[in-house]
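A short write-up of the structure that comes next.
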Amino acid sequence: MPELAEVEVTRRQLLPLLGLTVACAEKLSDKNLRLPLGKGDLGRLSGARLDAIDRRGKYLIWHFLGADGVPLEMVVHLGMSGKTLLDAADASPHDHLRWHWSQGATLTYRDVRRFGFVAVGDVGLGTEMTATMGPEPWDETWAAQVAAKAKKGSRSVKALLMDQSVAAGLGNIYVCEALFATGIHPETPAYKLKNKQIEALHEAVQGVLERAIAAGGSSIQDFKAAHGSPGYFQLELKVYGRAGEGCPACGEEIRAIKQQGRTTFFCARCQR
DNA sequence: TAGTAGACTTGCAAGC
DNA sequence: AGCCTGCAAGTCTACT
């Protein structure tokens, strides 16, 4: 499912689990996710109380107090198709993990393509796994940090913004949307951007993500958040997935090109 | 070193 | 219907 907006929607829907204790956590599949998870890792969660769920970029960082009184962390990345389901209403061959909680709640990790992962470790695991990540969209130094990276090298602004070490949490959908909102052509070399344009990009990134979160995320393919309901922001996407349709601003046909192996959608008249 | 293809994985849709 | 090709919310590795 996941760019930052979908991950944040997921995080908020998991907050009812705070304060609950893990009775046991089990593997439902022998297939490995992107990172292998040992049985001992899941065992560490038995009896652990969930105290907080944070998000950094597209990563969810779960903070527990272990049964032995030692704090521990669980890091979850949803990859392309990962979902966390509270009290899953159905079963799937792609259900990989299940946590049983006090008071009878269950949480299922489902991931068709298995590009995501779940990791359990000591305090600091989440920080370690996101150490090279760029600023969050609501970081007031975002524009300054992105500008510093933009000036180095020759890559396009699209490639720049897709790089998690430049700006955290952005993916193909919201980069396309933010570039459209600021009228910047996706193939513009990043070093040519004016500081004013990068500040405008910051505004656009915040705006599109805030509206996407409010709408429950974008449900392309079959994104479902924790309680199984889809998001509706795909209805508000201006260019992503709309090749051949008219630009909502000028009517020009929206174009699709390939950059770094990913499809970029843009309006050649509005974005220069 | 920076930047770009390729790989990983499964399912779905379009085209023949 | 059946088969084939291409494409998908991400990121890591390997090569130029």
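Within every chain, numbering begins at 1; the chains are lettered A, B, ... in the order of the sequence lines, protein sequences first and strands thereafter.
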Short side-chain N/O contact to [N] OP1/OP2 from [X], under 4.0 Å:
X         : N       : result
His94(A)  : dG11(B) : yes
Ser81(A)  : dT9(B)  : no
Arg114(A) : dT10(B) : yes

Touch class at under 4.0 angstrom, heavy-atom based, for [X] against every strand present:
X         : result
Tyr59(A)  : sugar-phosphate
Arg34(A)  : sugar-phosphate
Gly261(A) : nothing
Lys149(A) : nothing

Is the shortest distance from a Lys or Arg side-chain nitrogen in [X] or [Y] to a carboxylate oxygen in the other one below 4.0 Å?
X         : Y         : result
Asp54(A)  : Arg56(A)  : no
Arg155(A) : Asp163(A) : yes
Glu199(A) : Lys196(A) : no
Asp90(A)  : Arg110(A) : yes
Arg44(A)  : Asp122(A) : yes

Can you tell me how far [atom1] in [N] sits from the matching atom in [M], rounded to whole Å?
N       : M       : atom1 : answer
dT1(B)  : dT11(C) : P     : 23 Å
dC12(C) : dG11(B) : C1'   : 23 Å
dG6(C)  : dG6(B)  : C1'   : 16 Å

Measure [atom1]/[X] against [atom2]/[N] and give the value in whole Å, please.
X         : N       : atom1 : atom2 : value
Tyr174(A) : dG10(C) : OH    : P     : 10 Å
Leu33(A)  : dT10(B) : CG    : P     : 11 Å
Met80(A)  : dC12(B) : CE    : P     : 15 Å
Asp163(A) : dG10(C) : CG    : C1'   : 13 Å
Leu78(A)  : dA8(C)  : CG    : P     : 20 Å
Leu161(A) : dG3(B)  : CG    : P     : 14 Å
Lys152(A) : dT1(B)  : NZ    : P     : 11 Å
Asp111(A) : dC8(B)  : CG    : P     : 17 Å

Heavy-atom closest contact (Gly116(A) atom, Leu33(A) atom, distance)
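It is O-CB, 3.2 Å.
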Can you classify the ring geometry of Tyr109(A) versus His96(A) as parallel (below 30°), tilted (30 to 60°) or perpendicular (above 60°)?
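Taking His96(A) first and then Tyr109(A), their aromatic rings sit tilted (interplane angle of 30° to 60°).
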Specify whether Trp101(A) and Trp62(A) have parallel, tilted or perpendicular ring planes, treating 30° as the upper limit for parallel and 60° as the lower limit for perpendicular.
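Answer is parallel, since the angle falls under 30°.
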Please name the residue in the list Leu18(A), Leu15(A), Leu65(A), Val22(A) that meets the side-chain contact (heavy atoms from CB on, under 4.5 Å) test with Leu50(A).
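By the side-chain contact (heavy atoms from CB on, under 4.5 Å) criterion, Leu50(A) pairs with just one of Leu18(A), Leu15(A), Leu65(A), Val22(A): Leu18(A).
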Candidate list Lys192(A), Gln197(A), Gln271(A), test side-chain contact (heavy atoms from CB on, under 4.5 Å), partner Ile184(A), passing option:
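Output: one option passes, namely Gln197(A).
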Are the side chains of Thr188(A) and Ser156(A) in touch, meaning some heavy atoms are under 4.5 Å apart?
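A side-chain contact under 4.5 Å is absent here.
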I want to verify a distance call: between [options], whose nearest atom is closest to the [X] side chain?
X         : options                  : result
Gln260(A) : dT10(B), dA8(C), dT4(B)  : dT4(B)
Arg262(A) : dG3(B), dT10(B), dT11(C) : dT11(C)
Arg155(A) : dT10(B), dT4(B), dT11(C) : dT4(B)
Lys258(A) : dT4(B), dC7(C), dT11(C)  : dC7(C)

Dot-bracket for DNA chain C, 5' to 3', counting Watson-Crick or G-U wobble pairs under 3.5 Å, with [ ] for crossing pairs and | for inter-strand pairs?
.||.||||.|||||||
Would you say whether Phe115(A) stacks on dT11(C)? The test is a distance between ring centres of less than 5.5 Å and an angle between planes of less than 30°.
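Whether judged by distance or by angle, Phe115(A) falls short somewhere, so it does not stack on the base of dT11(C).
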First of Gln164(A) and Arg113(A) reached from the 5' end of DNA chain C, by closest nucleotide
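Result of the comparison: Arg113(A).
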With the criterion being N/O to N/O and under 3.5 Å, what pairs connect the protein with nucleotides 13-16 of chain B, and how long is each?
none

